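In this text the structure is predicted, and so the values were computed from the model without any measurement. Reckoned from all heavy atoms, side chains included, excluding hydrogens, waters and symmetry mates. Order of the sequence lines fixes the chain letters, A, B, ..., with proteins taken first and strands second; residue numbering starts at 1 for each chain.
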Amino acid sequence: KDMSNFIEIENSKQKMQMSIHQFTNTCFKQCITHVGNDGTLSSQEDLCLRNCLNRFLDTNIQIVKGLQNMK
Amino acid sequence: KDMSNFIEIENSKQKMQMSIHQFTNTCFKQCITHVGNDGTLSSQEDLCLRNCLNRFLDTNIQIVKGLQNMK
Amino acid sequence: KDMSNFIEIENSKQKMQMSIHQFTNTCFKQCITHVGNDGTLSSQEDLCLRNCLNRFLDTNIQIVKGLQNMK
Amino acid sequence: QISEELAIVNATELVNKATENCFELCMNKPYTDKNELCVDQCLKKYMQSWNSISKAYLDRIQQASAAGEI
Amino acid sequence: QISEELAIVNATELVNKATENCFELCMNKPYTDKNELCVDQCLKKYMQSWNSISKAYLDRIQQASAAGEI
Amino acid sequence: QISEELAIVNATELVNKATENCFELCMNKPYTDKNELCVDQCLKKYMQSWNSISKAYLDRIQQASAAGEI
């Protein structure tokens with residue numbers, strides 16, 4: 001039982017990690033258009049990334065709800 | 001034997017479903033460029049989608065034949 | 001033991017093949033912008049493809065080293 | 001039970017692709033505002049597109065089958 | 001051992017996505033020159049972006065959890 | 001038998017990528033016309049590209065191997 005708990009927890013951690021990879025990839029493409037000289041995110045880029053993530057999650061939640069209502 | 005038939009049928013149904021997901025994703029990006037006010041496909045958009053699918057399948061078939069001829 | 005060697009070799013050959021598929025897909029999109037009349041690569045296109053591959057591998061190697069230094 | 005798992009795989013794929021396409025169509029940088037009306041209508045359009053493509057694909061398979069090509 | 005394999009999967013995914021994005025941002029056709037400074041700085045930005053997205057995602061999950069939504 | 005399955009995986013990947021790239025290069029909206037000549041020539045170019053990339057990649061691996069880097 002401990003073993004199956006362990007696998008379940010690792011599994012959900014892994015799903016979250018893969019989601020973070022996907023979100024970072026999507027929002028980096030949207031928000032980071034040049035590299036600049038010092039390799040640090042501007043506050044504007046950082047805000048864009050966080051807004052991008054939140055709007056992506058909003059869209060995802062609304063799509064799930066919308067599909068549930070269609071059934 | 002019934003079980004292996006069942007799995008084979010489910011398997012080919014599933015491949016078709018995944019193809020439909022891929023075609024819809026590709027052709028939606030090509031043909032639907034704005035959402036509009038009423039959430040219905042225009043006849044022009046619908047025609048574009050069906051033509052997109054048919055040209056994609058034409059291309060696919062021709063690529064397969066072309067590769068077979070190369071062997 | 002021969003069997004596991006065989007599987008290991010097949011496995012690494014397969015990884016290389018999949019990498020070549022990925023590189024070809026990426027660099028074809030970058031370097032081949034029109035099909036032309038005779039279906040042969042121009043020397044300029046061929047040079048672009050090989051440079052694209054080499055710069056992609058350079059980037060990949062530098063990213064791996066950069067991440068190792070961060071640890 | 002196999003069918004059930006496949007249904008989950010399909011629903012997940014549909015959610016992912018619709019989310020990606022409707023995020024692209026409905027959200028404008030700097031991504032400050034939700035756009036719920038647009039997302040709802042985009043989802044409707046996505047589902048209609050899915051149905052239209054699906055039907056056209058089955059038609060095509062039937063034609064090829066009737067012509068003895070497959 | 002499972003955790004170790006997952007760590008490799010994650011590192012591979014990070015390398016692939018950072019390579020793809022930094023190749024896109026730093027290399028110009030006809031791809032004759034390396035651009036090592038750009039790639040280094042791009043990787044720094046990519047890692048910062050990963051951390052920022054990661055934190056914002058966990059915040060969002062906690063909020064939803066606190067609100068009883070999940 | 002393993003080799004055979006891998007050959008199918010590789011052929012499928014080649015067909016998928018060539019289809020995607022040649023659809024992109026040869027078809028124009030509203031997608032009314034086939035363009036068979038273009039697709040044939042595109043496929044030739046794709047195969048040449050595959051061979052060129054393949055050779056350049058093996059060269060690179062051999063160089064790295066000769067230099068003791070791998």
Residue-level contacts of residues 43-52 of chain E with chain C, using a heavy-atom cutoff under 4.5 Å: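 Expected list: E/L43, E/M47.
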Nearest-0.5 Å distance that lies between atom [atom1] in [X] and atom [atom2] in [Y]:
{"X": "C/F56", "Y": "E/E20", "atom1": "CZ", "atom2": "CD", "result": "7.0 Å"}
{"X": "E/Y31", "Y": "C/L53", "atom1": "OH", "atom2": "CG", "result": "11.5 Å"}
{"X": "C/Q62", "Y": "E/C22", "atom1": "CD", "atom2": "SG", "result": "9.0 Å"}

Side chain / backbone / both / neither for E/K34 at chain C, heavy atoms under 4.5 Å: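 When you check distances to chain C, atoms from both the backbone and side chain of E/K34 fall under 4.5 Å.
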Can you tell me which portion of C/N60 sits under 4.5 Å from chain E's heavy atoms? Options are side chain, backbone, both or neither.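 For C/N60, heavy atoms of backbone and side chain both lie under 4.5 Å from chain E.
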Give a yes-or-no answer on whether the side chains of E/T32 and C/N51 include a donor-acceptor pair shorter than 3.5 Å.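 C/N51 and E/T32 do not have a side-chain donor-acceptor pair below 3.5 Å.
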Heavy-atom count around E/K29 NZ within 6.0 Å, excluding the residue itself: above 12? yes
Under the criterion side-chain contact (heavy atoms from CB on, under 4.5 Å), which of E/L14, E/N16, E/D40, E/T19 is the partner of C/I63?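 Exactly one option meets the side-chain contact (heavy atoms from CB on, under 4.5 Å) with C/I63, and it is E/T19.
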What parts of residues 21-42 of chain C touch chain E if we use heavy atoms and a cut-off under 4.5 Å? C/T26, C/Q30, C/C31
